Number of protein chains: 2
Amino acid sequence: MTPPYDFAMETQPQAQPHTPGKAGGKSHRKPPGNPQGGPAAGARPLRADAERTVATILEAAERTLGRDPAATMEQIAEAAGVARTTVHRRFATREALVDALAVWATRRFAAAVEAAHPETAPPLVALYQTTANVLAIKAGWGFAMSQASSSNPEVAHIHADVRSTCERLFARARDAGVLRADVDIPWTRGVYYALIHQAAQRKDEQDPDALATLVVDTLLRGAGTPHPDRL
Amino acid sequence: MTPPYDFAMETQPQAQPHTPGKAGGKSHRKPPGNPQGGPAAGARPLRADAERTVATILEAAERTLGRDPAATMEQIAEAAGVARTTVHRRFATREALVDALAVWATRRFAAAVEAAHPETAPPLVALYQTTANVLAIKAGWGFAMSQASSSNPEVAHIHADVRSTCERLFARARDAGVLRADVDIPWTRGVYYALIHQAAQRKDEQDPDALATLVVDTLLRGAGTPHPDRL
DNA sequence: ACAACTTGCAACACGGGTGATGCAAATAGC
DNA sequence: GCTATTTGCATCACCCGTGTTGCAAGTTGT
């Protein structure tokens, strides 16, 4: 599922590929810092170089898992140019790594949506801007964004938040006459997500603005002729 | 993962989860019959009960892998009500099983599309019918259909075929005035696939006809108001 | 410069999934 | 009914990925 890509997908199951040693021992010595881990500011912060290593690993993980969701820790480590044990030092388990990746990307995602002022800007403007911002994020964080159905509460919460923000935006658009009065908002939101995903797939990456125009245009007008008496 | 779902998706990589023993020994005794395997009509055909077993396994595989793409052979065997070794007897490797499943479903898929006479029926009629038929297949063969990017040449070929059939249908629709004259056909096809996928996700499964109407309607009209002077 | 921290490397334990076999019992097909 | 096929079961070998440890060498920060 490879699977199922969040802001554009919504497939249900989506199991994390490969987790053999799930019954292995527990970490005896947890990593000191808390790389993108949240407000748990208990432990001593990482040294500068270590912090850099964490970022390098996360970026490598995104690239590697993006190509192959079942990639091993070894492959990720190689892509990051570090030893496998170092990856384990920073992320106790594979799950922890994927989780951290999801949190990292999800935060950027939420920020990108918020930056478009979807709650206050005129519906059409907000729609274009949100689309462009999200596309920019999805371009480089495809895998991480596919972890929307993460077990991580923060990730889940943010996505739920964005989801409702999106539906509120659509409701405003409808009230403003941009969307038809009888639209099925949940369905439309799903279609919108799917269009964004579709646009993000375009390898011949155009600039986010052109793609955003394409997405919004398609969402609003569809592909049919203006008003033929079809049916 | 769910992953990337063929007739509605198109995500590139999509690796098959979990393939540890890839360097294991080779099968010493290949299964006699060729379950959905193609024209290689060399070996003796399977006995009736064995043929039935093959079908049972494939159905169980679809159900099981649909819930969890990383399900083990053991789980699939259990779902099929047979011993794990029996599964291995019919499908030498896990890959072979998934492959056979993909071929099986893909053929039904192609048949469903063909049954809608997409090349000859009036564009709008063909569009509705194709959509309804495909949705009916996708409802029960979600996992198998997600294997579109299979390495299997037959699967790839069929999907490429359907792809072009679809684009030809769109071209006819455009020429008939159903689609705007300036539509980007590849993009529209992608959107169409995405809409079908989106519709297939609806758990509150409605009948294929209602969903087909929703999909076609959305594709043609979009969600915007008829013709406001937006922009 | 010195102490604390970080990394690479080599080695190990572990568990799980895969695939192979042989045999006895059940079943299909003629 | 007889034979060939099929299945379940009990085993076994194997490989791979994960997670742990200990230590020497290199880096950071003060």
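Computed from heavy atoms alone, side chains included, the values below leave out hydrogens, waters and symmetry copies. Below, read A as the first sequence line, B as the second, and so on, with proteins coming before strands; counting in each chain starts at 1. All of these numbers come straight from a predicted model, not from anything done at the bench.
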[X] [atom1] - [N] [atom2] separation (whole Å):
X	N	atom1	atom2	result
B:E74	C:dT18	CD	C1'	11 Å
B:H88	D:dC12	NE2	P	18 Å
B:F91	C:dA20	CZ	P	15 Å
A:L46	C:dC5	CG	P	11 Å
B:R94	C:dG16	CZ	C1'	13 Å
B:E78	C:dT18	CD	C1'	17 Å
A:I76	D:dG17	CD1	P	12 Å
A:Q75	D:dC16	CD	C1'	12 Å

Q.
With side chain to side chain contact (heavy atoms under 4.5 Å, CB included) as the criterion, how do B:D99 and B:F91 come out once you've worked through the C-alpha distance, each side chain's angles and the decisive distance to 0.1 Å?
A. CA-CA 10 Å; B:D99 214 62; B:F91 304 96; over 6 Å; no
Q. Under 3.5 Å, is there an N or O donor on one side and an acceptor on the other linking the side chain of A:R84 and the base of D:dG19?
A.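 Donor-acceptor pair under 3.5 Å: yes.
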Q) Donor-acceptor pair under 3.5 Å: do we get one between A:T85's side chain and the base of C:dC9? A)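 Such a pair is found, so the answer is yes.
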Q) When every nucleotide of nucleotides 23-30 of chain C is labelled 5' to 3' by its protein contacts under 4.0 Å (heavy atoms), B for base, S for sugar-phosphate only, - for none, what sequence of letters results? A) ----BSS-
Q.
How close do B:I57 and B:I76 get, counting heavy atoms only, and between which atoms?
A.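 Closest pair (atom of B:I57, atom of B:I76, distance): O-CG2, 4.3 Å.
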Q: Give a yes/no on whether any side-chain N or O of A:T86 is located under 4.0 angstrom from OP1 or OP2 of C:dG8.
A: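 For C:dG8, OP1 or OP2 has a side-chain N or O of A:T86 closer than 4.0 Å.
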(Q) Can you see whether A:Y193 has A:R189 sitting over its ring - NZ or CZ less than 6.0 Å from the centre and within 45° of the normal? (A)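 Yes, a cation-pi geometry holds between A:R189 and A:Y193.
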(Q) Taking atom CD as the centre, does A:E167 end up with more than 12 heavy-atom neighbours from other residues, nucleotides or ligands that are less than 6.0 angstrom away? (A)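 Correct, the count exceeds 12.
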(Q) Looking at A:E59, I want to see if its CD is surrounded by more than 12 non-hydrogen atoms of other residues, nucleotides or ligands under 6.0 Å. (A)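 Counting neighbours around CD of A:E59, more than 12 heavy atoms of other residues, nucleotides or ligands fall under 6.0 Å, so yes.
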Side chain of [X], backbone of [Y]: donor and acceptor closer than 3.5 Å?
X	Y	value
B:T64	B:A61	no
B:Q75	B:T72	yes
A:T130	A:L127	no
A:E62	A:L101	no

Q) Taking five pairs at each end, how big is the angle between the two axes of the helix from C:dA1-D:dT30 to C:dC30-D:dG1, to 10°? A)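 About 50° separates the two local helix axes.
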Q. So what does A:T53 touch, heavy atoms closer than 4.0 Å: a base, only the sugar-phosphate, or nothing?
A.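 Sugar-phosphate only.
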